[in-house]
Amino acid sequence: YLYQNTYMMVDGLFKLFTGQVPFENLHGIVAITKVGSDIISSKGIWDGLLLMALISMDLAIVNMLPIPALDGGHIMFLIIEKIIGRPVNQETQEAFAKFGFMFLIGLMVLIIFNDIFALVTDKL
């Protein structure tokens, strides 16, 4: 079950980055809370716990993306350091980290707006 859902998460990220999945289908914490509440109230706490496990797994996968503010970004800099044989300039790393952080904040705002819009228009 977890293998299948891990595959679906990675496939979904690939389709999102290639434009095969529209932005309207991307949801965040507001939608997760709504869906989790619906699952727990209709199917029970065990299905809610399974949803929590899936969310944790999905967060681990997203955390490994090569975005500078995430762990995948740190791994990316370690790989670059190994390839060029010296550490990446500290100012360069800080600039990329600031960009990555601002990117994530902007993405978070857009996703929360998307969630609220989906709730208001009964698409969730």
Side-chain angles (χ1 to χ4, degrees):
Y1 181 79
L2 289 176
Y3 174 79
Q4 179 185 10
N5 282 286
T6 300
Y7 174 79
M8 289 178 6
M9 174 66 176
V10 173
D11 185 52
L13 282 172
F14 176 76
K15 288 179 179 178
L16 181 68
F17 288 122
T18 58
Q20 298 174 27
V21 173
F23 182 75
E24 295 83 34
N25 292 347
L26 185 63
H27 296 288
I29 189 69
V30 175
I32 290 170
T33 304
K34 165 84 169 75
V35 169
S37 171
D38 292 347
I39 286 175
I40 290 172
S41 65
S42 67
K43 295 187 178 186
I45 191 70
W46 294 114
D47 284 344
L49 290 173
L50 183 58
L51 177 65
M52 257 186 355
L54 289 175
I55 291 169
S56 295
M57 181 196 60
D58 290 347
L59 285 174
I61 293 168
V62 169
N63 194 37
M64 294 309 293
L65 292 175
I67 298 172
L70 301 176
D71 287 339
H74 294 292
I75 293 171
M76 176 186 67
F77 278 117
L78 290 173
I79 291 171
I80 292 171
E81 180 178 326
K82 188 71 171 171
I83 291 171
I84 65 175
R86 61 178 170 76
V88 177
N89 186 346
Q90 187 69 26
E91 292 82 25
T92 304
Q93 286 187 25
E94 289 174 4
F96 274 99
K98 287 177 187 175
F99 169 77
F101 182 72
M102 294 306 294
F103 171 75
L104 290 174
I105 294 296
L107 187 61
M108 184 177 66
V109 168
L110 289 173
I111 290 172
I112 288 173
F113 175 79
N114 193 32
D115 285 352
I116 293 171
F117 182 77
L119 278 175
V120 170
T121 58
D122 286 330
K123 292 183 181 179
L124 235 167

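Basis for what follows: all heavy atoms, side chains included, without hydrogens, waters or symmetry-related copies.
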Checklist entry - Would Leu65 and Leu110 show up in the same hydrophobic cluster when neighbours are defined by side-chain heavy atoms closer than 4.5 Å? => result yes

Checklist entry - Ile40, Ile32: one ILVMFWY side-chain cluster at the under-4.5 Å cut-off? => result no

Next on the checklist: Nearest 0.5 Å, please: how far is CZ in Arg86 from CG in Asn89?
Outcome noted: 8.0 Å

Checklist entry - Would a hydrophobic clustering, with Ile, Leu, Val, Met, Phe, Trp and Tyr connected at side-chain separations under 4.5 Å, put Leu104 with Ile55? => result no

Next on the checklist: For a 4.5 angstrom cut-off between non-hydrogen side-chain atoms, does Asn114 reach Val30?
Outcome noted: no

Checklist outcome for this item: Interatomic distance, NE2@His74 vs CD1@Ile79, rounded to 0.5 Å, equals 13.5 Å

Item to check | Neighbour count above 12 (heavy atom, 6.0 Å) for Tyr7 OH | outcome: no

Item to check | Val21 vs Leu26 side-chain heavy atoms within contact, under 4.5 Å | outcome: no

Checklist entry - What pairs with Lys98 under salt bridge (Lys or Arg N to Asp or Glu O under 4.0 Å), at least two apart in sequence or on another chain? => result none

Next on the checklist: To check you understand the geometry: which heavy-atom pair defines the closest contact between Ile111 and Gly28, and what is its length?
Outcome noted: CG2-N, 3.2 Å

Checklist entry - Sub-3.5 Å donor-acceptor pair from the side chain of Gln93 to the main-chain atoms of Val88, do we have one? => result yes

Checklist entry - If you take all heavy atoms of Met57 and Leu2, which pair is closest and at what distance? => result SD-O, 3.6 Å

Item to check | Atom pair CG (Leu16) and CG (Asn25), whose distance is rounded to the nearest 0.5 Å | outcome: 9.0 Å

Item to check | Close side-chain approach of Tyr1 to Leu54, heavy-atom, < 4.5 Å | outcome: yes

Checklist entry - In the single-linkage hydrophobic clustering (I, L, V, M, F, W, Y; side-chain heavy atoms under 4.5 Å), do Phe23 and Phe113 co-cluster? => result no

Item to check | Contact check, side chains of His27 and Val35, non-hydrogen atoms, under 4.5 Å | outcome: no

Item to check | Ile61 and Leu13: CA distance, side-chain angles, deciding distance, side-chain contact (heavy atoms from CB on, under 4.5 Å) verdict | outcome: CA-CA 10 Å; Ile61 293 168; Leu13 282 172; 3.9 Å; yes

Next on the checklist: Heavy-atom count check: over 12 atoms from other residues, nucleotides or ligands less than 6.0 Å from Phe101 CZ?
Outcome noted: no

Item to check | Close side-chain approach of Gln20 to Phe14, heavy-atom, < 4.5 Å | outcome: yes

Checklist outcome for this item: The reported gap from CE in Met76 to CZ in Phe96 (rounded to nearest 0.5 angstrom) is 6.5 Å

Next on the checklist: For Met102, I'd like to know if atom CE has over 12 heavy atoms of other residues, nucleotides or ligands within 6.0 Å.
Outcome noted: no

Item to check | Backbone N/O of Thr33 and side chain of Ser37: donor-acceptor pair under 3.5 Å | outcome: no

Next on the checklist: To the nearest 0.5 Å, what is the distance between CD1 on Ile112 and CG on Leu107?
Outcome noted: 10.0 Å

Checklist entry - Do Asp115 and Leu119 come close enough that some side-chain heavy atom pair is under 4.5 Å? => result no

Item to check | CE-NZ distance between Met8 and Lys15, expressed to the nearest 0.5 angstrom | outcome: 10.0 Å

Next on the checklist: Quick check on the hydrophobic clustering: are Leu59 and Leu49 connected, directly or via other members, by side-chain heavy-atom contacts under 4.5 Å?
Outcome noted: no

Checklist outcome for this item: Between Pro68 and Gly100, the two heavy atoms sitting closest are CD-CA, 4.2 Å

